[in-house]
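Take a look at the structure set out below.
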Amino acid sequence: MHVTTLILGAGAAGLMAAANAGPSVLVVDHAKKAGEKIRISGGGRCNFTNMYCAPNAFLSGNPHFVKSALARYTQWDFLDLVSRHGIAWHEKTLGQLFCDGKSTQIVDMLLDEMRKAGAELWLETRISSVRHAEGRFVTTVEKDGRPIDITSDNLILATGGKSIPKMGATGLAYEIAAQFGHKITETRPALVPLTFGDRFAGISGVATPSVVSNAEARFEEALLFTHRGLSGPAILQISSYWHEGEEISVNLLPTGGFGEMLRGKRRTEGRRALTTELSAHLPARLVDFLGREIDLKGNLADLSDSRIADLEATLTDWRLKPAGSEGYRTAEVTLGGVCTSGLDSKTLMSRHLPGLYVIGEAVDVTGWLGGYNFQWAWSSAMAAGRSIAA
């Protein structure tokens, strides 16, 4: 059979592209349902974009690559689509936009847009091979137990990255792109919890505001202690910038002024225990844990200026060296991917092979936590779809 455009992958980017790539479009995916990552995202409510989406919130070998696609299809454009479908939404924190209802509303919206455009969807379809011959792509798939050859003028790689393999994630897009001459930027898990053995097992479940940083980035968000290490938004964010063997810095007192406050209370509430005062600023279980690592004995009146300075320095610049990360198993996205140097930033089409497009997570573009990666999926998909439909 022949179609104008074959899209590999029925995730966020693939479905969005299918709805905008013009006539004669087929989407194939191995999964039983379309948009599985959309369904599980945001605690089942889908953090579908971010009000503050901008190029500086993305990591890539070429930091300028995202600018064109993001400018030509913005978060406001996607929000308009959501509103036209009558999907109620709300801002949670830091510009993160979520559905009021279930995330499946976003999947249903994209499927509805696909149907309006006349695109077809094949699920539970395994991709066996892809080649290019006589000016066309030839993709062999296995559907209902039999092989089918699909020829197409255009081929869009939208199969994502390696994150969450239990949902069937693989490096297929990288393999196909490499087959056609594309370089692949080294991949690793991103937006992923960091591991510390069982160091924090005793305070698993404790969360606290923090600033987590390294030499490349700084994030002021919540920190969560787990049986295996550290998680929470601040850790997921810094994980994209962390490299094995490096330390991270944790500021447990992000509001500042702790030393000055202690010096004042030393005069007025000198008989108060230091641990009691700390428990007014940090979770009690965390204070107990810290008391086993640093000296927190004594009352406020016992504190010298130098000890107060040392304590403030320790609690605002707690240096920790992760043993590793939890890997692709729990990573929200994959860092790295198809190198942007081989793609046109306006259309996401290959510079090596006309008609080949790479979009979404498969590209070496990774956004911050909070709806940025979905916006890249929508924007990159629209860039490719509009290019084909033009």
Side-chain angles (χ1 to χ4, degrees), residues 10-16 31-53 57 75 78-79 81-83 85-111 160-169 189-195 200 203-210 212 219-240 283 325-335 360-361 366-378:
L15 296 178
M16 190 70 169
K32 293 182 178 180
K33 293 182 179 180
E36 284 292 82
K37 269 196 173 181
I38 299 174
R39 181 181 59 79
I40 67 169
S41 69
R45 294 189 183 274
C46 189
N47 179 192
F48 55 80
T49 192
N50 194 290
M51 292 173 63
Y52 305 122
C53 191
Q75 59 269 44
F78 189 77
L79 188 58
L81 177 63
V82 168
S83 298
H85 278 259
I87 299 173
W89 55 273
H90 63 277
E91 179 188 358
K92 193 172 180 181
T93 57
L94 302 174
Q96 301 168 14
L97 303 187
F98 289 78
C99 298
D100 285 357
K102 294 182 178 180
S103 56
T104 48
Q105 292 177 291
I106 299 295
V107 179
D108 292 341
M109 175 190 77
L110 295 170
L111 292 174
K162 298 178 180 179
S163 57
I164 317 183
K166 70 179 181 180
M167 296 183 67
L191 300 183
V192 63
L194 299 177
T195 58
F200 303 120
I203 51 172
S204 176
V206 171
T208 188
S210 70
V212 180
F219 295 97
E220 184 172 356
E221 295 193 63
L223 169 75
L224 174 68
F225 294 90
T226 74
H227 283 289
R228 293 179 294 274
L230 296 177
S231 188
I235 292 297
L236 298 185
Q237 295 278 40
I238 205 67
S239 72
S240 297
S325 80
E326 291 197 1
Y328 291 116
R329 181 180 65 84
T330 59
E332 296 200 11
V333 291
T334 303
L335 195 72
E361 190 183 345
T366 304
W368 288 351
L369 182 73
Y372 296 94
N373 288 293
F374 272 130
Q375 186 57 47
W376 170 247
W378 317 136

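For this chain, numbers begin at 1 and follow the sequence in order. For clarity, every value in this text was computed on a predicted model and none was experimentally measured.
- Between the side chain of Thr226 and the backbone N or O of Gly229, at least one donor-acceptor pair lies under 3.5 Å.
- Legend: residues meeting side chain to side chain contact (heavy atoms under 4.5 Å, CB included) with Ile203, ordered by chain and number and at least two apart, are Phe200, Val206, Phe225, Arg285, Leu286, Phe289.
- Residues in residues 86-96 take part in these side chain to side chain donor-acceptor pair (under 3.5 Å) pairs, two or more places apart or across chains: His90-Asp100.
- Under the 3.5 Å distance criterion, the side-chain polar atoms of Asn47 are left unmatched by any main-chain donor or acceptor of Phe98.
- Nearest approach of Phe48 to Cys99, heavy atoms of both residues: CE2-N, 3.8 Å.
- Ser239 places a side-chain N or O within 3.5 Å of a backbone atom of Leu191 that can act as its donor or acceptor partner.
- Considering only heavy atoms from C-beta on, Ile164 comes within 4.5 Å of Ile40 through its side chain.
- Applying the ring-ring contact (aromatic ring centres under 6.0 Å, His included) rule to Trp376 yields no partners; only residues at least two apart in sequence or on another chain are considered.
- Residue pairs satisfying the salt bridge (Lys or Arg N to Asp or Glu O under 4.0 Å) criterion with at least one member in residues 35-51, sequence neighbours excluded, are listed as follows: Glu36-Arg39, Lys37-Glu361.
- With a 4.5 Å cut-off on side-chain heavy atoms, Asn50 and Phe374 do not count as touching.
- Partners of Glu326 by side chain to side chain contact (heavy atoms under 4.5 Å, CB included), not counting sequence neighbours, listed by chain and number: Val192, Pro193, Thr195, Arg228, Arg329, Thr330.
- For the atom pair Asp108 CG and Lys102 NZ, the distance stands at 11.0 Å (nearest 0.5 Å).
- Two residues are said to be in side-chain contact when any heavy atoms from C-beta on lie closer than 4.5 Å; Leu224 and Ile235 fail this criterion.
- Shown here are the side-chain hydrogen bond (donor to acceptor under 3.5 Å, both in side chains) partners of Glu332, two or more places apart in sequence or in another chain: there are none.
- A distance of 8.0 Å separates CD1 of Ile38 from OG of Ser103, quoted to the nearest 0.5 Å.
- Under the rule for a side chain to side chain contact (heavy atoms under 4.5 Å, CB included), the partners of Ala377 that lie at least two apart in sequence or sit in another chain are Ala12, Ala13.
- Between Met109 and Leu81 the shortest side-chain heavy-atom distance falls below 4.5 Å.
- How far CD1 of Ile238 is from CG of Leu369: 12.5 Å, rounded to the nearest 0.5 Å.
- Pairing each heavy atom of Ser240 with each of Ala190, the nearest pair is OG-CB, 3.5 Å.
- Partners of Phe219 under the ring-ring contact (aromatic ring centres under 6.0 Å, His included) rule, at least two apart in sequence or in another chain, are Tyr241, Trp368.
- Partners of Gln75 by side chain to side chain contact (heavy atoms under 4.5 Å, CB included), not counting sequence neighbours, listed by chain and number: Thr49, Cys53, Gln375.
- Counting heavy atoms from C-beta on, the side chains of Leu94 and Tyr52 never come closer than 4.5 Å.
- Residues Ser325 and Pro189 meet the side-chain proximity criterion, which asks for heavy atoms closer than 4.5 Å.
- A distance-only check finds no donor-acceptor pair linking the side chain of Glu221 to the backbone of Gly232 [under 3.5 Å].
- Checked against side-chain hydrogen bond (donor to acceptor under 3.5 Å, both in side chains), Asn373 has no partners two or more places apart in sequence or in another chain.
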